[in-house]
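Note that the coordinates shown come from a computational prediction; the quantities given were computed from them, not determined experimentally. Throughout, a chain's letter reflects where its sequence line sits, starting with A, and its residues are numbered from 1.
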There are 2 protein chains.
Amino acid sequence: MKSIIEILKEHDIAPSMQRVKILEYLRNYKTHPTADMIYQALVDDIPTLSKTTVYNTLKTFTEKGILLALSLFENEVRYEYNKDPHIHFKCMKCNKIYDLNHSFDHYNDNLVDGHKILEHHVNLKGICKDCLKVEN
Amino acid sequence: MKSIIEILKEHDIAPSMQRVKILEYLRNYKTHPTADMIYQALVDDIPTLSKTTVYNTLKTFTEKGILLALSLFENEVRYEYNKDPHIHFKCMKCNKIYDLNHSFDHYNDNLVDGHKILEHHVNLKGICKDCLKVEN
DNA sequence: TTCAACTTTGTACCGGTTACAAAATTGAAA
DNA sequence: TTTCAATTTTGTAACCGGTACAAAGTTGAA
């Protein structure tokens, strides 16, 4: 697997310690974390870490295409390491977010009603497998 | 067409002046406005209008199923008068939001990977028809 | 007419995010 | 190796969408 430093360099980003740790976290934990969750997870390791750094770094990574910024169903941005095409499902009961391997890539780079589609975000909402079990 | 007052009564909502004007605005202007846009549009007409009233009213309407609250691509909620199933497209250049008449209703009330789907939100992003013309 | 229930309003506050300037770090030229 | 400009990080203050709350206003049925 490519090293974090390699990935950063490929995207013209200087591999500072903070940037390496943040990207490492996002690659390891696929939990669609918020900026604050990332900050909380790393501040023990980097006691001087500033939230502004986390926000700046996530912005940079997103602009350079390393991360995807998700507007899921609440009023906060969540981030994920860019990977195979998938869609999101959020459980209305336990609030867990699942990745589903359904692709809508037939949209991308195509025209729909004359509009050129560059990104697609499919967000499903309902009751997840596990919560369905508990209900019955 | 049903009157605004009828619609409110059908949903067990007392038709106050503020509520009528807010719903009227949303039914007339299909621009997916934010709470603040609605406030700005109505405050000349109702000089004592409070933003809290707009927020309260939108919350009530959404709970009663008159409106849909959309988490589109930014960090602010946008509202629309509930109508035929459709998906959203946002132009990355002019920021206009279009409704597209594509239905994904085959999802609803079905199981996907064992999860029960109750809502689906499909948000496309790209360059709209009009901006494509200007580009060339 | 009365009065309780409901609605609206204004203020203060909250939490996620950004602006900004100072401090720290880096890395390439000398 | 030293220097110094460019980059990165940090902390504080501010911004902005949204909510809590209590007071004031309005409504409608007894």
Non-hydrogen atoms of K125(A) and F89(A) that approach each other most closely: C-CE1, 3.8 Å
Between [X] ([atom1]) and [N] ([atom2]), how many Å, whole number?
| X | N | atom1 | atom2 | result |
| --- | --- | --- | --- | --- |
| K59(A) | dG16(C) | NZ | C1' | 15 Å |
| F61(B) | dT7(C) | CZ | P | 11 Å |
| L58(B) | dT7(C) | CG | C1' | 15 Å |
| K21(B) | dT9(C) | NZ | P | 13 Å |
| D12(A) | dG27(C) | CG | C1' | 16 Å |

Does the side chain of I46(B) reach to within under 4.5 Å of the side chain of M17(B), using non-hydrogen atoms? yes
Test: K129(B) and D113(A) ion pair at under 4.0 Å: no
T57(B) vs I13(B), test: side-chain contact (heavy atoms from CB on, under 4.5 Å). Steps then yes/no. CA-CA 10 Å; T57(B) 302; I13(B) 299 169; over 6 Å; no
Would you say the ring centroid of Y98(B) lies under 6.0 angstrom from that of H88(B)? no
Phosphate oxygens OP1/OP2 of dT17(C): is one of them under 4.0 Å from a side-chain N or O of Y55(A)? yes
Between K30(B) and D99(B), is the salt bridge (charged side-chain N to carboxylate O under 4.0 Å, His left out) condition met? List the steps. CA-CA 9 Å; K30(B) 313 202 165 180; D99(B) 290 345; over 6 Å; no
Nucleic acid footprint by protein, nucleotides 7-12 of chain D - heavy-atom cut-off 4.0 Å, B for base, S for sugar-phosphate alone: -SSBBB
